[in-house]
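Here is the structure we will look at, set down as structure tokens.
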Amino acid sequence: MSQFKWKDLTKLKNPNLAFESPLSVLCHIDVNCFYAQVEAIRCGYTKDDPVVCVQWNSIVAVSYAARKYGISRMVTIQEALKKTDKLIPIHTAVFKKGEDFWQYHDGWGPWNPDKDKKLPSSDYKISLDPYRRESRKIFKIFTEYCDLAEKASVDEVFLDIARLCLQSLMGSEQLIPGRENPEIIKPMQAKFKDESYEGNEFLPAVPEELKQLPFIGDVYNPENLPLIEDWDDVLFALGSRIAQELRDEIKQSLGYTTSCGLASTKNVCKLASNFKKPDAQTIIKNSCVNAFLDNGKFEITTFWSLGGILGKELIQILQLPQQGSNRYVREKWPTRDSLRTSLSKAVRDSQSTPSTVIDATRTNEIADKLYDLVRGQYRVAVTPQTIVKSMMANKNMTGQACSGLADCFSWLEVFAGELAGRVHELEQEYDKVIRPRTIHVLIRAKSGDTHSKSGPFIQSGAKINSQDLLKAGAKLIAELDAKFARGKEHSFYPLININMSISNLDVADGRKSVLDMFGNQASVQVRQGKGNVGKDSLASNAHKPPRENWCDECNKTFETSRDFQEHADFHIAVALSEKVNGANGSSGRLTFGEKRLLMRSNTLETPNKRRSKPKSKTAGSSSDIFKYFKKG
DNA sequence: TACTCACAG
DNA sequence: GGCTGTGAGTA
């Protein structure tokens, strides 16, 4: 007989409850050295090319080919180049000071002998937009396959694949290729469908034939136990096949290799996906989870959210060993209550070294969490993605890079363009209208003195606009300048940090107009006359079109690539809209490929919503903004 | 609203 | 160890 009950199995049907079941099947997928892969794919390199992604002088992502030369994250590019001249450094995209669009400058970076191609951080700001874009494409594939996906970061996702596993087990599919399904499956399927059944009986034993189900990937099994003993193992085996298929799809359509961890809880999944890299998947069966957590590589501080001060304080206050802490906690506190009691007592008794982060009113909560974590039983739901709650554009500086109000305005111009662009992209993705209600700026002087100011953000129109953001931000900065720098004996400048953020995001339903769904990706591909969705759209960077910003159709050159891009989008949007509307005798219907293109497309301006006036584009022009604030 | 802290890749 | 974030807490 199984150790699980029917209701454990039927609970998996409900995405809101599945994570609580002991038969829960989750996975965590992590794109390997994400920034490096993005750059490698964009520039047409393969996995065997030693690409590194560079940010100023630092290497922020290292391809596996480059790791073979002993290059790791956070070494300087100068040091890395000493190790091998084969290295392929690619700098992130950047905004130039005073400009509101980003660009790649391939070949530029601190290693470039040309003085004008070194990308000094005093004149540029990093753009992470390309990674957010790729991230969205990847995430979209996950949500197409899986009914419950959580975006954990730009390169990570949690999936609840229980329904997909059930579909395999309880559908009509042949479970083991080339063999009849065991006889017991048919009646099980019937019972499974019976909604009135409460499910208090135990499941039958797993039939011998089913124990031959293969796993795809590496099963963590140091003691060589039988791979399949109960139904949780059956579901994991099916899940491993599903995870492989998902990852294959990501690889095939977008080119990215990933690492995956399968387990019953998010925390264990996360550790498992990190266990073997790159391009691998690790399965942690429930019967092996304690052995996995005790394998010598993990401590309680390895768990997500315990990596900082909280984890260290728990070790301190509970007097845990530096090594083998998971097992120690399991064995010393065999019941929930015993750990609750010990922790609350320990917090009370630690007056001499008072805890800075363990809230005395919440010790039970923390004790329960720890109790479950060390057993691989801390069950947290996979929560579907929510729209971000705030957005920040930030710039750190050294030296004299920001030594006055004019410099501040130049950076604000960058921030305003960046944030407006990001809001546009979000609107596109969700087909929503997003209005930030609050704007916030912060400056930090070399002394460490920090000042910030926030206020309501009121747009001039229906859609967010970088001019409005710039004005609102500049007003706040000017107030800070007047308050803290004007007429003071020692000036506040130079700054080491300045940032602007928007929050209180108001989200309303998007408009239904098809035209509103057009965007850069679609335009780029249509312009090229073909539709390879993934790589092309990024490689032919929409922000940096070829041939001098020249429009053949209008016989006209545009000053900046961004202006050109908007113009080009105009043509594309009109062309597609004519097709949809049946103009020029066309069918009036988009092909499946075009629809899919539009579904995946990113942003931005549409013909009737374009900015009336092109933006200023030189650093000097931003001083025009002074006219708004002559009076402080 | 102003500011600080914790945590993560 | 640099950079770029997100979110929570406090007064």
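Residue numbering restarts at 1 for every chain, and letters A, B, ... go by the order of the sequence lines.
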Query raised in the report: Knowing that exactly one of A/T258, A/T257, A/D155 qualifies, which makes a side-chain hydrogen bond (donor to acceptor under 3.5 Å, both in side chains) with A/Q37?
Result: A/T257
**Report entry** A/R422: partners by side-chain contact (heavy atoms from CB on, under 4.5 Å), with sequence neighbours left out
**Finding:** A/D129, A/R132, A/M391, A/E418, A/L419
**Report entry** side-chain contact (heavy atoms from CB on, under 4.5 Å) against A/A93, all qualifying residues, sequence neighbours excluded
**Finding:** A/W102, A/Y104, A/S127, A/P130
Query raised in the report: To the side chain of A/E156, which of B/dC7, B/dT1, B/dG9 is closest?
Result: B/dG9
Query raised in the report: Tell me: NZ of A/K266 to C1' of B/dA8, nearest whole Å?
Result: 15 Å
Query raised in the report: Counting any heavy atom closer than 4.0 Å, what does A/S305 reach on the DNA or RNA strands: base, sugar-phosphate only, or nothing?
Result: sugar-phosphate
Report summary line: Applying side-chain contact (heavy atoms from CB on, under 4.5 Å) to A/K151 and not counting sequence neighbours gives A/S135, A/R136, A/F139, A/Q385
Report task. Send over the distance from A/N267 CG to B/dA8 P, rounded to a whole Å. Result -> 11 Å
Query raised in the report: A/L442 has an atom CG; how far is it from atom C1' of B/dA2, in whole Å?
Result: 10 Å
**Report entry** B/dC3 phosphate, OP1 or OP2, under 4.0 Å from A/H451 side-chain N/O
**Finding:** yes
Query - Listed partners of A/Q55 passing side chain to side chain donor-acceptor pair (under 3.5 Å), at least two apart - result: none
Report summary line: Each nucleotide of nucleotides 4-11 of chain C classed B (base within 4.0 Å of a protein heavy atom), S (only sugar-phosphate) or -, in 5' to 3' order, makes SBBS----
Query raised in the report: What is the distance, rounded to the nearest whole Å, between atom CG of A/N504 and atom P of B/dA2?
Result: 14 Å
Requested in this report: Quick one: label A/L310 by what it contacts on the DNA or RNA (base, sugar-phosphate, nothing), any heavy atom closer than 4.0 Å.
Outcome: sugar-phosphate
Requested in this report: Name the nucleic acid region contacted by A/D155, choosing base, sugar-phosphate or nothing; use a 4.0 angstrom heavy-atom cut-off, strictly under.
Outcome: sugar-phosphate
Query raised in the report: Nearest-Å distance, CG (A/L314) to C1' (B/dC7)?
Result: 15 Å
Query raised in the report: Rounded to the Å, how far apart are A/D449 CG and B/dC3 P?
Result: 10 Å
Query raised in the report: For the ring pair A/F275 and A/Y220, is the centre-to-centre distance below 6.0 Å?
Result: yes
Query raised in the report: With sequence neighbours left out, what residues match A/H440 under ring pair (Phe, Tyr, Trp, His ring centres under 6.0 Å)?
Result: none
Report task. Counting heavy atoms from C-beta on, name the nucleotide in B/dC7, B/dT1, C/dG2 closest to the side chain of A/S58. Result -> C/dG2
Query raised in the report: Base, sugar-phosphate alone, or nothing: which one does A/H440 contact when heavy atoms must sit under 4.0 Å apart?
Result: nothing
Query raised in the report: Rounded to the nearest Å, what distance is computed from the NZ atom of residue A/K483 to the P atom of nucleotide B/dA2?
Result: 7 Å
**Report entry** Atom pair distance, as rounded to whole Å: CH2 in A/W304 and C1' in B/dA8
**Finding:** 8 Å
Query raised in the report: Base, sugar-phosphate alone, or nothing: which one does A/K270 contact when heavy atoms must sit under 4.0 Å apart?
Result: sugar-phosphate
